[in-house]
Each structure stands twice: as structure tokens, then as C-alpha cells.
2 protein chains.
Amino acid sequence: MSKHVKEMGILKEHLGKHQLKFTRQRELILDAFLKQEHITAEEMYHQLARKDPHLGLATIYRTLNLFCEAGLAQARHFGTQTQYDNVSHKGHHDHLICTGCGKIVEFENCDIERLQEEVATRNGFTIQTHRLELYGLCSRCRH
Amino acid sequence: MSKHVKEMGILKEHLGKHQLKFTRQRELILDAFLKQEHITAEEMYHQLARKDPHLGLATIYRTLNLFCEAGLAQARHFGTQTQYDNVSHKGHHDHLICTGCGKIVEFENCDIERLQEEVATRNGFTIQTHRLELYGLCSRCRH
DNA sequence: CTTGAAATTGATAAACCGTATCAAAAAGAA
DNA sequence: TTCTTTTTGATACGGTTTATCAATTTCAAG
Ligand SMILES: [Mn+2]
Ligand SMILES: [Mn+2]
Ligand SMILES: [Zn+2]
Ligand SMILES: [Zn+2]
């Protein structure tokens, strides 16, 4: 029995609304994905090669993109690759990214979130989601 | 006579310190770059094709990367391409994006910017650039 | 439990972006 | 001008992601 009942439900709801099918591969990839904070398609390909050596890389890409459409993942470009962030893992958070070594620090700041709401309201918008990434050098890379 | 005396000076200083040469191409690309807030190598390639049809794409990439090293530009991954931001350009802003109609509203919020700096400092980071995008529905699309 | 239309998969070709290569050209100090 | 070093432009290349397509799987209908 899967531990990720809630997210599996979100996926199934999305599949139902779009005439998509629930497959062994999608279940396998979701289970693996939800154990991560963020991962690349290539990393997941190698991780899952043990469980299912015939799982194709294209399927990994397709499925991770599907998760984005279902709201379970968020794609983020860093360096030459795409990171797929697990939205449900730790609740919402934003990222500090070191341009020197690639280190990623997660943070949450209620004041910023509140100001974002203010900006949106002032412009007549209702926020559904947002993305805040701060790029710079970590203490180690600055020296 | 160029309007970008200050930035041309910064470039020449960098060139001098690194045994690099001042070329017609570097001057041409800097002039075009400073007129933009941000641009991709490909966009610049097509823009400059009129002025110099023989200017190579590799030269654009090399030169924009050189500008980054000289502190005149900052590379930022956006979608699948690299955006080169003009750091000397005033009027930094972030974006509100309507997921209904695609409308984009630009905004600037000093309080958010200040809080970003605080978050970075608290984590030992020095910010080079950042990206804040708020996705939601505009007043028209909400109804 | 079948059946069959529609969706999915896996292998791999292709597209795409940015970098490396290298011979010819240009820069710039002497 | 001369001569060494750097730069350029054309293009090959490498890594990442998407497109293609025949074979397989899903799942709703019978
Ligand atoms: Mn946030
Ligand atoms: Mn900003
Ligand atoms: Zn670092
Ligand atoms: Zn709208």
C-alpha cells in the first residue's frame, strides 16, 4: 500500500479530467518522485533503473512534465538541466541558488509572501502560484 | 560617437587587465546590448544581422559571456534559453502574469527587494540577481 | 470476462542551445 | 612595418529535452 495517498489522489483526479490513464509507470515514478525534494529526469532514470530496467528516459520526462501540469511538481531550470521540485514535500518555499557551486538553500518568508499578495491585490490580480529565486554566491564561493 | 561612455570604459578596463583586445565586434555588441534591458544571444544575432551580416553567433555568445565577466551583464536562465541582463539598466522590475489571458504587469516593490537581501544575508549569500514571478488571474479573467 | 478504441510506452531519431575547434584575419606593441 | 598574440566566423560537437512511431497497455463498453 502506497504512502502517498493524497498525491496519488491528486494525480488520479488530473488523469480523469484529461482522459489520461493510470499506468504502472506513472505510479512507480510518482512514488519515487515524492521521496525527493527535487530531482532531474536523468537522476530519476538511474534511480529507477534498479526497480525497472526497461523504464525509458522519455517516459520519465513525459511523466515529470505531467506532474507539473497536475500541480504536483514545478520545473526549474538551473545550469544546463531542469530540476523538478516536489511541491508537496515541505510545503511552499522559495530558493537561494549559488551560481558558483549550485548549492540550493530553501527558505520561507511570510513577510515577502504577504507583500506579494499586496502587490497582486493592488493590480487586481488573484495569485495562484509564484516563483521566487535568488541567485548569488554562497559564503564558500565568495572567497 | 557612442552614448555609452561609462560602460565602454568598464569594458576597456577589463580588457586591459586581462590582455584582451578591443575589437569592432565588441564595440558593436556592447552598443546594442546597452540599449536592452535583457536579451538572448539569438535575439541579438538577428538584430545585428542588419548592421553586420557576417557577425557570427559564436562571437555573440563569447562577447555576452565576456560582459558577464566584466560585470556589465548577468546571465539568467529563462525557459530553455539564457537571458543576458543589462545590469546598468535602471528600472528593475518583476512580473505579474495572468494565467488566463497571458497579460503581464510589471511592478517594483522596494520592501520585497529589501527582504530578499535580508534572507540572503541571513544565509551567507550575496545576491547577484533574482527572479520573482507571480502567477494568477487578472480582474477580467476572474469573472 | 472479452473486445476494441484510445492512450501509453520504449527505442531512438531529431531538435535545440551553447561550447570547442581551427584556419584565417585583426589588433596592437615594438 | 613587423611580428606575436588574440579574435573571429564557420561549423563540428556534446548534452539535454522533445518528436516519432510501432508495439503494448489501459479501461470502458458489451
Ligand atoms: Mn514563496
Ligand atoms: Mn525584483
Ligand atoms: Zn557556492
Ligand atoms: Zn487575464
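Only a predicted model underlies this, so the values are computations on that prediction, with no experimental measurement involved.
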Backbone of A:Leu66 reached by a side-chain donor or acceptor of A:Glu69 within 3.5 Å: no

Donor-acceptor contact present, side-chain A:His18 to main-chain A:His14, <3.5 Å: yes

A:Tyr84: partners by ring-ring contact (aromatic ring centres under 6.0 Å, His included), with sequence neighbours left out: none

Verify same cluster id: A:Ile97, B:Ile112 (apolar side-chain graph, 4.5 Å): no

Whole-Å distance separating the CG atom of A:Leu30 from the C1' atom of C:dT8: 17 Å

Under 3.5 Å: donor-acceptor pair, side chain of B:Gln74, backbone of B:Gln128: yes

For B:Glu117, all residues meeting side-chain hydrogen bond (donor to acceptor under 3.5 Å, both in side chains), sequence neighbours excluded: none

Euclidean distance, atom NE2 of residue B:His54 to atom C1' of D:dT11 [Å, nearest integer]: 16 Å

Between A:Thr59 and A:Arg62: side-chain donor-acceptor atoms closer than 3.5 Å: yes

Residues within residues 63-84 of chain A bordering DNA chain C, heavy-atom distance below 4.0 Å: none

Between C1' of C:dC17 and NE2 of B:His46, the distance in whole Å: 13 Å

Side-chain donor/acceptor of A:Asn86 to backbone N/O of A:His38, under 3.5 Å: no

Phosphate OP1/OP2 of D:dT17 contacted by A:Tyr61 side-chain N/O (<4.0 Å): yes

Joint hydrophobic cluster, A:Leu20 plus A:Met8, side-chain heavy atoms closer than 4.5 Å: yes

Sugar-phosphate only, base, or nothing, as touched by B:Glu42 at under 4.0 Å among non-hydrogen atoms: nothing

Residues A:Asp52 and A:Arg24 bridged, charged N to O under 4.0 Å: yes

Any side-chain donor near an acceptor of the partner, A:Thr63 and A:Arg26, under 3.5 Å: no

Base-paired stems that DNA chain D participates in, counting runs of 3 or more Watson-Crick or G-U pairs under 3.5 Å: C:1-30 with D:1-30

Using nucleotides 1-3 of chain C, report all nitrogen or oxygen pairs with the protein that are shorter than 3.5 Å.
none

Hphob cluster co-occupancy, A:Ile60 + A:Leu11, side-chain heavy atoms under 4.5 angstrom: yes

Side-chain donor-acceptor pair present, A:Gln47, A:Gln36, cut-off under 3.5 Å: yes

Contact letters for nucleotides 20-30 of chain D, in which S counts primed atoms plus P, OP1 and OP2 and B counts the base, heavy atoms under 4.0 Å: B-----BS---

Spacing of B:Leu11 atom CG relative to D:dT7 atom C1', expressed in whole Å: 14 Å

